[in-house]
Amino acid sequence: MLAALDLRDAGLRTPGGPADLTGRLVAALADRRLLLVLDNCEHVIDDAARLTGRLLAAAPGLRVLATSREPLGLTGEALCPVGGLPAPDGPAAPPAAAAYPAVRLFTDRAADVSPGFTLDDATTPAVLRICRTLDGLPLALELAAARLRALPVTQVAARLDDRFRLLRRGDRTAAPRHRTLEAVVGWSWDLLDEPERRLAARMSVFAGATDLAAVQAVCAPDAGDVLDVLTGLVDKSLVEATGGRYRMLETIREFAAARLAEHGETGRVRDAHAAYFLDLAQAGDVALRGGGQERWLRRLDAARDDLHAALRHAETTTGLRLVAALAFYWWLRGLRGEGAALARRLVDRLDGPPDGVAEGYALGLLIAALAGGGERSEVDTASRILWTLARPPRHPFLLYLSGMASGPPSPQDAAALHEQAVRDRLLGTDPWSRALGLLGTAMVSLLHGRHAQARADLDGALAGFRALDDRWGMIVTLSTHAEAAYRTGDVASAAAPMAEALELAEQLGSTLDLAELLRTRADGRLAAGDLTGAAEDFRRVRRIAGPAGAPELVAAAYLGLGEIARRDGDPQRARTLCERAVAECPSGWFGADVVRLAALVTLGQLADATGDPAAARAHYRQVLTAGVGVWDVPVVAAAADGLAGPLLRDGDHESAARLLGAAAALLAGTGAADAPAGTPTAVTLREHLGEAAFATAYARGADLPRQRALALVDGR
């Protein structure tokens, strides 16, 4: 300091003056007005603090700006934390990305070492990944840019998972601690005391920001209060603290994780991490079924990174328990795609449910299948596990998810649901399960046309969910109320429950349910002839359902928009949209199968209208041979009607009746086998032929072997 201020030792010697250097410095600055900058105080922090305190007390006109990895700890000290350079949080076009300091620094340095480097559509995604992964740390960005001498930017971005090895070569003229990224972090690490190093290493298992309770439970369950040590890490800039939550930069986390591995503690601390977040997820699973939904959704949102990290690292049994506990949360937050990827990693390692976690296995199968790419056999296996449980499921959401995946129960299972013993075993006796059970039986009643019974059950379910203040339950029940009204053509009665359900879904932030509601309202508006309102809803569904991992709803939106185009007299656009709907649909489960079959029927109708009967028959044949069930009756009936309709219009009544019978032959053994006999075409044929002649002609088709029935349907 004396040298920087040009206060040489000799010039400060006066008779009777201060004898030590510090005293002489104080005497020299006592009457001065100046700003004194002290850089890199962290390695001499105690001495720097003592000297600064003495100088400030003696020199009223002095101000000190100190840079350090931790505060000096003086009264009146104002902290100005310096984080990494800002970078875009998500995708950005090159001009927008170039406005961020982290991107600007990287591209400037990249152009220095790789002349001609520019930020364009090809390079921007890699540059953004580099800037985010390196936390915007200037030295790290400069070291990464230096690698462009030998590697394209995409390769630099791809290798950042091993950032310390990649970023080892820097400016030879820089101080040793600034030549490599590892040296930069190591400089700070070496300044920690042993308890701080131990806690920092253990904190590397956290994937996101976490609270003090989690740090205590996972990192130091037997060490008493860790607040002082954690505060030291915050002061030394190894941990960031915001709003009572603590997080490490990714670069520091990776360095700390390597230290944890060196001490052989990784497995033990990860197990403690998984156990803590399993407890949190299970508490949340229970709390989400009631009035605490919003509060617990926020709490689980804050812990999402660590919940998912625990699931990725957990052994199979703990992992399946986490899947079961997170299933409802994933649904409410529209995280089907992310949940499916995590569940798929687990269930693909297993040939069947491990002991004690059958429900978790069933939920894992359903979650993996619901986001697409699953097999129908997986849905059937999950349904079988549910129906063979000797007790009510510990995770009642399994009932709802199973229904979404496999559709309404078979007639035998539907009948069994009216037996109290079966209902108690499947549904349980707690208020939430009872309300869910009433909702389920109402849906089955709607399927079979028992509207009065459905309305009574829906009223009971809604009262149950209202008593629990369960917004999700109210959303689904109100939506079903509206759907029941739409089915009977009573659009006016659907308005109030649909409006309340949409408001609740917006409040709860339940993306999937919002998309389902909009799809239901769009279908109702379409049926009522409100093409403009329906198109608006379908377009919104298309925007929000994809990111929520609901491809079947995206497909439904394309189908709806295709039907609107067909009614508007634009068959080419209608065909394109319906083909897109078929392409978007996953296979193997109820919601997607219904959409795909409906799109095929519309494609058949379009082919008929444009004079291509062979293409129309091919589409209808796909519907009739798709392994349909009772829930597909309306779609199957439309396909059968499409096959026989042209013959009816041509006056060939007997052939039309026989073709309806052939459709029934293809549907033999399914829940829709009687659908062709109840179509509008069949009703007209009975009027023309009489009941006896119609029955004879119909039987001639229905009695055909499958291959001959297929030939007849194909027009051969």
Side-chain angles (χ1 to χ4, degrees), residues 289-291 293 386-387 392-393 396-404 406-505 508 510 513 516-517 519-521 523-524 527-528 590-591 594 629-634 671 678:
R289 299 195 293 274
Q293 278 177 345
L386 170 62
W387 279 84
F397 189 62
L398 175 58
L399 290 162
Y400 183 82
L401 213 54
S402 178
M404 286 294 299
S406 58
S410 66
Q412 297 83 0
D413 289 342
L417 282 173
H418 291 284
E419 300 175 17
Q420 192 60 46
V422 175
R423 288 173 64 88
D424 289 347
R425 177 172 58 81
L426 277 177
L427 304 174
T429 57
D430 65 279
W432 196 89
S433 295
R434 285 201 302 270
L436 185 67
L438 287 170
L439 175 61
T441 53
M443 291 177 171
V444 174
S445 295
L446 276 178
L447 175 69
H448 294 289
R450 298 191 294 270
H451 295 285
Q453 180 62 51
R455 282 192 292 271
D457 285 342
L458 286 171
D459 288 341
L462 186 57
F465 286 127
R466 284 197 195 281
L468 293 166
D469 193 26
D470 185 315
R471 297 190 179 193
W472 175 83
M474 288 187 272
I475 290 168
V476 179
T477 309
L478 288 163
S479 169
T480 310
H481 254 306
E483 187 175 356
Y486 286 136
R487 287 192 180 200
T488 59
D490 187 2
V491 177
S493 295
M498 179 57 70
E500 184 182 356
L502 284 166
E503 182 180 355
L504 289 170
L508 196 59
S510 180
D513 288 300
E516 286 276 12
L517 288 167
R519 182 262 187 105
T520 298
R521 187 172 71 175
D523 286 340
F590 164 66
V594 171
V630 63
W631 53 89
D632 298 312
V633 167

Going from CG on D457 to CG on L462, what distance comes out if it is rounded to the nearest 0.5 angstrom? 12.5 Å
Distance in Å, Q293 CD paired with D470 CG, rounded so as to fall on 0.5 Å steps: 4.0 Å
Can you see which heavy atom on L398 is nearest to which on P393, and at what distance? CD2-CB, 4.4 Å
Evaluate the ring planes of W472 and F397, with Trp represented by its six-membered ring, and classify them as parallel (under 30°), tilted (30 to 60°) or perpendicular (over 60°). perpendicular
Counting only pairs under 3.5 Å, give me each side-chain donor-acceptor contact of residues 474-485, with atom names and distances, residues two or more places apart or in other chains.
from : atom 1 : to   : atom 2 : distance (Å)
T477 : OG1    : G473 : O      : 2.8
T480 : OG1    : V476 : O      : 2.8
H481 : NE2    : D459 : OD1    : 3.0

Got a second to check how far R289's CZ is from L436's CG, nearest 0.5 Å? 10.0 Å
Is the shortest side-chain heavy-atom distance between L438 and L458 below 4.5 Å? no
For V491 and A528, work out which heavy atoms get closest and say how close. CG2-CB, 3.6 Å
Excluding sequence neighbours, so at least two apart, what forms side chain to side chain donor-acceptor pair (under 3.5 Å) with S433? D430
For Y486, enumerate each residue passing the ring pair (Phe, Tyr, Trp, His ring centres under 6.0 Å) test, keeping only those at least two apart in sequence or located in another chain. none
